[in-house]
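Below is one structure, written out as structure tokens; the observations come after it.
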Amino acid sequence: MAGCERHEVWLVNGRKTSLRVLSPEDPKGTIIYSHGLFISSGVEDQGEGIAPFFNKLAKHWRVVRYDARGHGASEEASDYEQQTWKGLGKDINAIRELIVNKFNTGTSKFILAGLSMGVGASLHAFCSNPTDVAALLFIISPTAWELRKPKQAGYTRMLKMTQEKGKSAFVTQMHSALQDSKIIEGFNSDALISHLESMGNKRLELILEGTAHSDFPSKEQIANILDRNPCPMIQFCSKGDPGHPWSVAAELHRLAQQCGCSSHLICIQKTSDLCSDDHQALLCSL
């Protein structure tokens, strides 16, 4: 049985970071989950699937869900480079070190988990420090590599619009975009918009600039790291969402298999599909 969820604030790379820790008495290891762009743990709690999914996994694993830098109750970055996926990956690795020290584990087995932006952050964390990573768990990977440049240009335009017309113009555009979005069902759009409205202008601009300069590690780098440090990869994806293309997940799947890693590429229609008994069994078998 998992214990009660604890809300804590840790100093991660010099910034206060809001975390939620849920753990059984004798965890197999630790899952560190990094959420998507413009949302937070609180926003996900108001949606479907994500929180229940990790609550179930907490029967076997210590689960750490945290608000990424600049999001939710965590402090904002001091510059945009800290807000890139590579910068957020450094925060994940700092959290890993803190977990080893705080829970007196000596060493710890980690699953690096992420959704959209969190996939990019987790990949950078893994490529930077693959030690003791037991598995990679990815939900709706974002655009990457050759598909990334148009998205980067789009975030640059959003940044310019926000600087020239203010945050309200950006929030209005986001509200319209969410209504037309083909993202997987289960997210609470109203909660996301409320979260954006609560952000300060500087915080939002740093997030946009960091995202405009973000991409996955190169395919060659990922393949080299997986070849030397093989670990299972489990991906949950949907089809038909250009912002989270199946082709990117399929390429990660191919790279993992090429390196001899166990890899599962699973199609889901909505976030609540994550909670199926089959998916839980797959993850608890790690």
Side-chain angles (χ1 to χ4, degrees), residues 12-13 15 17-19 31-44 47 49-50 54 64-77 80-95 112-128 136-145 147-156 158-159 170 174 177-178 181 183-184 186-189 191-193 195-196 199 203-217 222 235-238 241-245 248-249 252 271 274:
V12 177
N13 286 331
R15 286 289 187 273
T17 300
S18 175
L19 304 96
I31 298 173
I32 302 177
Y33 170 70
S34 183
H35 59 70
L37 182 66
F38 301 138
I39 58 180
S40 65
S41 298
V43 170
E44 288 184 329
I50 300 297
F54 286 105
V64 176
R65 297 169 58 211
Y66 71 101
D67 288 347
R69 187 181 293 254
H71 294 71
S74 293
E75 281 191 283
E76 67 190 41
Y80 82 85
E81 291 184 351
Q82 295 177 344
Q83 202 67 64
T84 63
W85 296 349
K86 186 174 183 178
L88 297 177
K90 292 178 181 179
D91 289 344
I92 292 173
N93 284 338
I95 290 171
L112 301 186
L115 182 147
S116 191
M117 175 186 78
V119 175
S122 296
L123 269 174
H124 277 286
F126 174 67
C127 287
S128 176
L136 299 169
L137 169 60
F138 298 153
I139 305 168
I140 59 169
S141 290
T143 56
W145 307 309
L147 297 178
R148 189 66 192 164
K149 288 194 179 299
K151 276 287 185 180
Q152 291 172 326
Y155 284 113
T156 299
M158 291 179 195
L159 172 62
F170 171 76
M174 277 296 298
L178 287 168
S181 174
I183 195 169
I184 188 171
F187 292 100
N188 188 320
S189 297
L192 187 153
I193 292 298
H195 180 228
L196 283 174
M199 283 186 182
R203 177 178 291 230
L204 177 58
E205 289 172 10
L206 285 169
I207 290 172
L208 287 169
E209 189 171 5
T211 306
H213 288 85
S214 292
D215 199 353
F216 281 3
I222 294 169
Q235 297 188 84
F236 296 101
C237 315
S238 64
D241 176 8
H244 302 89
V248 171
L252 284 173
T271 54
L274 294 166

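For the numbers below, each heavy atom of this structure counts, side chains included, while hydrogens, waters and symmetry mates do not.
Remark: side-chain polar atoms of His124 are not paired, donor with acceptor, to backbone N or O of Gly87 under 3.5 angstrom. For the pair Asp215 (side chain) and Ala144 (backbone), a donor-acceptor distance under 3.5 Å is absent. Here the side chain of Thr156 pairs a donor or acceptor atom with the backbone of Gln152 at under 3.5 angstrom. At least one donor-acceptor pair under 3.5 Å links the side chain of Thr84 to the backbone N or O of Glu81. At distances below 3.5 Å, not a single donor-acceptor pair connects side-chain atoms of Trp85 with backbone N or O atoms of His213. Counting only distance, with no hydrogens or angles, the side chain of Ser214 and the backbone of Gly210 share a donor-acceptor pair below 3.5 Å. Remark: side-chain polar atoms of Arg65 are not paired, donor with acceptor, to backbone N or O of Tyr33 under 3.5 angstrom. With hydrogens and angles disregarded, a donor-acceptor distance shorter than 3.5 Å links the side chain of Thr211 to the backbone of Ile207. With His195 contributing its side chain and Phe38 its backbone, the two residues share a donor-acceptor pair below 3.5 Å.
For the pair Ser122/Ile92, a side-chain contact is recorded, criterion being any heavy-atom separation below 4.5 Å from C-beta on. Annotation: side chain of Met199 is not in contact with side chain of Glu205 (no heavy-atom distance under 4.5 Å). Here the side chains of Pro142 and Phe216 are in contact, with some heavy-atom distance below 4.5 Å. Under the 4.5 Å side-chain criterion, counting only non-hydrogen atoms from C-beta, Tyr80 is not in contact with Leu159.
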Under the side chain to side chain donor-acceptor pair (under 3.5 Å) criterion, do Ser34 and Tyr66 qualify, and how do the steps go?
CA-CA 7 Å; Ser34 183; Tyr66 71 101; 3.2 Å; yes

Residue pair Ser116, His244: steps toward the side chain to side chain donor-acceptor pair (under 3.5 Å) verdict:
CA-CA 7 Å; Ser116 191; His244 302 89; 2.8 Å; yes

Could you walk me through whether Phe138 and Val248 pass side-chain contact (heavy atoms from CB on, under 4.5 Å), step by step?
CA-CA 11 Å; Phe138 298 153; Val248 171; over 6 Å; no

For side-chain contact (heavy atoms from CB on, under 4.5 Å), just list the numbers for Leu274 and Phe54, CA-CA rounded to whole Å, side-chain angles, deciding distance to a tenth of an Å, and then say yes or no.
CA-CA 9 Å; Leu274 294 166; Phe54 286 105; over 6 Å; no

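Pairing each heavy atom of Asp241 with each of Ser238, the nearest pair is CB-OG, 4.4 Å. Taking all atoms of both residues into account, the shortest heavy-atom contact from Val119 to Gly114 is CG2-O, 3.4 Å. The shortest heavy-atom contact between Leu88 and Ala121 is CB-CB, 3.8 Å. Residues Ala191 and Val43 share a closest heavy-atom pair of O-CG2, 3.8 Å. In plain terms, the two heavy atoms of Pro217 and Ile222 that are nearest each other are O-CD1, 3.6 Å.
For Asn13, the side-chain hydrogen bond (donor to acceptor under 3.5 Å, both in side chains) test picks out Asp91, with sequence neighbours left out. A search for side chain to side chain contact (heavy atoms under 4.5 Å, CB included) contacts involving Thr271 returns Glu48, Ile50, Ile184, Phe187, not counting sequence neighbours.
The structure places CG of Leu252 at 6.0 Å from CG of Leu123, a figure rounded to the nearest 0.5 Å. For the atom pair OG (Ser74) and CZ (Arg15), the distance works out to 11.5 Å, reported to the nearest 0.5 Å. Note that the CD1 atom of Ile140 and the CE atom of Met117 stand 11.5 Å from one another [nearest 0.5 Å].
Considering Asp67, Leu196, Leu192, Asn188 as possible partners of Ile39, the one that fulfils the side-chain contact (heavy atoms from CB on, under 4.5 Å) test is Leu192. When each of Gln82, Gln83, Glu75 is tested with Arg69 by the rule side chain to side chain donor-acceptor pair (under 3.5 Å), just one qualifies, namely Gln82.
Sorted by first then second residue, the salt bridge (charged side-chain N to carboxylate O under 4.0 Å, His left out) pairs that include residues 147-156, not counting sequence neighbours, number zero.
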